[in-house]
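Quick notes on the structure that follows.
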There are 2 protein chains.
Amino acid sequence: MPGSTDRKKNRLTAEERRAAIVEAAVRLFAEKGFRGTTTRELAAAVGVSEPVLYQHFATKGDLYTAIIEAICRHRDRDRDGLLELARHAEDDEAFFSRLAELILEWYDEQPEVVRLLLFSALEEHDLKDRFVETQVAMLYEILTEYLERRMDKGVFRRMDPYLAARAFTGMVSHQGMAKVVFGIDDLRGSRQEIARKIADIFVNGIRSHGAQGA
Amino acid sequence: MPGSTDRKKNRLTAEERRAAIVEAAVRLFAEKGFRGTTTRELAAAVGVSEPVLYQHFATKGDLYTAIIEAICRHRDRDRDGLLELARHAEDDEAFFSRLAELILEWYDEQPEVVRLLLFSALEEHDLKDRFVETQVAMLYEILTEYLERRMDKGVFRRMDPYLAARAFTGMVSHQGMAKVVFGIDDLRGSRQEIARKIADIFVNGIRSHGAQGA
DNA sequence: GTCTATACTGAGATAGAC
DNA sequence: GTCTATCTCAGTATAGAC
């Protein structure tokens, strides 16, 4: 049986090999970009010869595209979780704090995705728009909806909810960018504390006057 | 005189040619990155042969470095203006609003610099840190100082001023990034209006309770 | 292994100042 | 016309996708 559980096998099934290639490619493309990564390095990182890469992906570009697609599909699942979080949230402070934490966590735990996203946007990849949509713009949507609801309830001041959503996203994600892309990592406190403080500024900033306090 | 004002001369002085090369290189490097730009394209864009490039810059890398250096030096002058603005500001709303406007303006008017900054950070250029320092971190510094002063006066709540500075920077610059890098340009209103609204959220978010209103 | 593209070069041509 | 800074032709070596 080809896909058996043998430890020391060099020969993997097509599926396994493909996965191994994708894994190495994510690392390399994220580190050096599409143009900065050579097929030779790629093959070396996987531990195979270049022709093997081309048995799984017709071109270097196809491999890159496959990676982005996979990330987008994976994130589509996150979306449901976030929607759930937004729909069931009662305490604004808690909601924005938790959301900020999740965003910061994303930057900490998936820096490769962040870098791939930026590279693909800068290099104008075909899937750039879909990539941006699933990774960033989706947040705008969820947040806008939440903010509208709370404005309707009179808890938040009347304002452009989309702009407010963008402002919050920026407050948080900029910190992730600074860390992952620019290497600026001098914020004091835990991720949770940072998230809470940012959420605090934001919620106070949009709350209706006279509706302050816990 | 070699640098005369003749119209139709192909032959430029060294200085003029150098400037022409830099100008074309900024455009190309910003568009396609360092690796994505070939010396052939570069030469074609300038309207000369490749060897001419090498008479002015020993390597392609030297040209790239020279560009970044020039941008950094140029921006050092902006810094003084911002410091001035921060020191003489009296009205918080006006100050943050104006600052936001200047940041958004920077993204609108110098998208090449933004893209170069990101490319250089992602591609780990030697001058990346200096570049980030002059273009972004400088803002943190100026804002932190301002916020500290206002907290001392009791106008703003006591909080980590550096984090607040970062949060404000993020609120604003994220919008510029979204536009320039991700191509998301669906915010309603003029730059000035957007700046005012963002500043409004921020200032309300950090203001001492009981100190609201104009 | 093959074939193309790319960073870089040496030797010479030429425009333009005097 | 002479001289020199400015520019071109025709490459080489290397590296990269396939």
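Each chain gets a letter, A, B and so on, in the order the sequences are listed, and its residues count up from 1. No hydrogens, no waters, no symmetry mates; every other heavy atom, side chains included, goes into these values.
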Quiz item: Looking at DNA chain C, which of residues 18-32 of chain B put a heavy atom within less than 4.0 Å of it?
Solution: none

Quiz item: In whole angstroms, how far is the P atom of C/dA7 from the CZ atom of B/Arg35?
Solution: 12 Å

Quiz item: Under a 4.0 Å N-O cut-off, is there an ion pair linking B/Arg98 with B/Glu101?
Solution: yes

Practice problem: Just call it for B/Thr38: base, sugar-phosphate, or nothing, with non-hydrogen atoms closer than 4.0 Å on any strand. | Solution: sugar-phosphate

Quiz item: Any donor and acceptor pair, going by atom type alone, linking the side chain of A/Glu145 with main-chain N or O of A/Ile142 inside 3.5 Å?
Solution: no

Quiz item: Under 4.0 angstrom, heavy atoms only, what part of the nucleic acid is B/Ser49 near: base, sugar-phosphate, or nothing?
Solution: base

Exercise. Report the C-alpha separation of B/Lys128 and B/Glu124 in whole Å, then their side-chain angles, then the decisive distance to 0.1 Å, and conclude whether the salt bridge (Lys or Arg N to Asp or Glu O under 4.0 Å) test is met.
Key: CA-CA 6 Å; B/Lys128 160 197 156 173; B/Glu124 297 287 348; 3.4 Å; yes

Quiz item: Do B/Thr13 and B/Glu16 have side-chain atoms, one donor and one acceptor, less than 3.5 Å apart?
Solution: yes

Practice problem: Shoot me the first and last contacting nucleotide of DNA chain D against chain A, ordered 5' to 3', at under 4.0 angstrom to non-hydrogen atoms. | Solution: D/dG16 to D/dC18

Quiz item: Who pairs with B/Tyr162 by ring-ring contact (aromatic ring centres under 6.0 Å, His included), at least two apart in sequence or on another chain?
Solution: B/Tyr140

Quiz item: Taking only residues two or more places apart in sequence or in another chain, which ones pass ring-ring contact (aromatic ring centres under 6.0 Å, His included) with B/Phe96?
Solution: B/Tyr146, B/Phe168, B/Phe202

Quiz item: Any luck finding a side-chain donor-acceptor pair between B/Ser173 and A/His174 under 3.5 Å?
Solution: yes

Practice problem: State whether B/Glu123 and A/Lys32 are salt-bridged, where the test is any N-O pair (Lys NZ or Arg NE/NH1/NH2 against Asp/Glu carboxylate O) under 4.0 Å. | Solution: no

Quiz item: At under 4.0 Å between heavy atoms, what does B/Arg17 touch on the DNA or RNA strands: base, sugar-phosphate, or nothing?
Solution: sugar-phosphate

Exercise. Check the pair B/Lys197, B/Asp200 against salt bridge (Lys or Arg N to Asp or Glu O under 4.0 Å), reporting the backbone distance first and the verdict last.
Key: CA-CA 5 Å; B/Lys197 288 171 182 171; B/Asp200 175 71; over 6 Å; no

Quiz item: Going by number, which of residues 52-69 of chain B have a non-hydrogen atom under 4.0 Å from DNA chain C?
Solution: B/Tyr54, B/Thr59, B/Lys60

Between side-chain atoms of residues 64-73 of chain A and protein atoms elsewhere (two or more places apart, or another chain), which donor-acceptor pairs fall under 3.5 Å?
| residue | atom | partner | partner atom | Å |
| --- | --- | --- | --- | --- |
| A/Thr65 | OG1 | A/Gly61 | O | 3.1 |
| A/Thr65 | OG1 | A/His125 | NE2 | 3.1 |
| A/Glu69 | OE2 | A/Arg130 | NE | 3.3 |

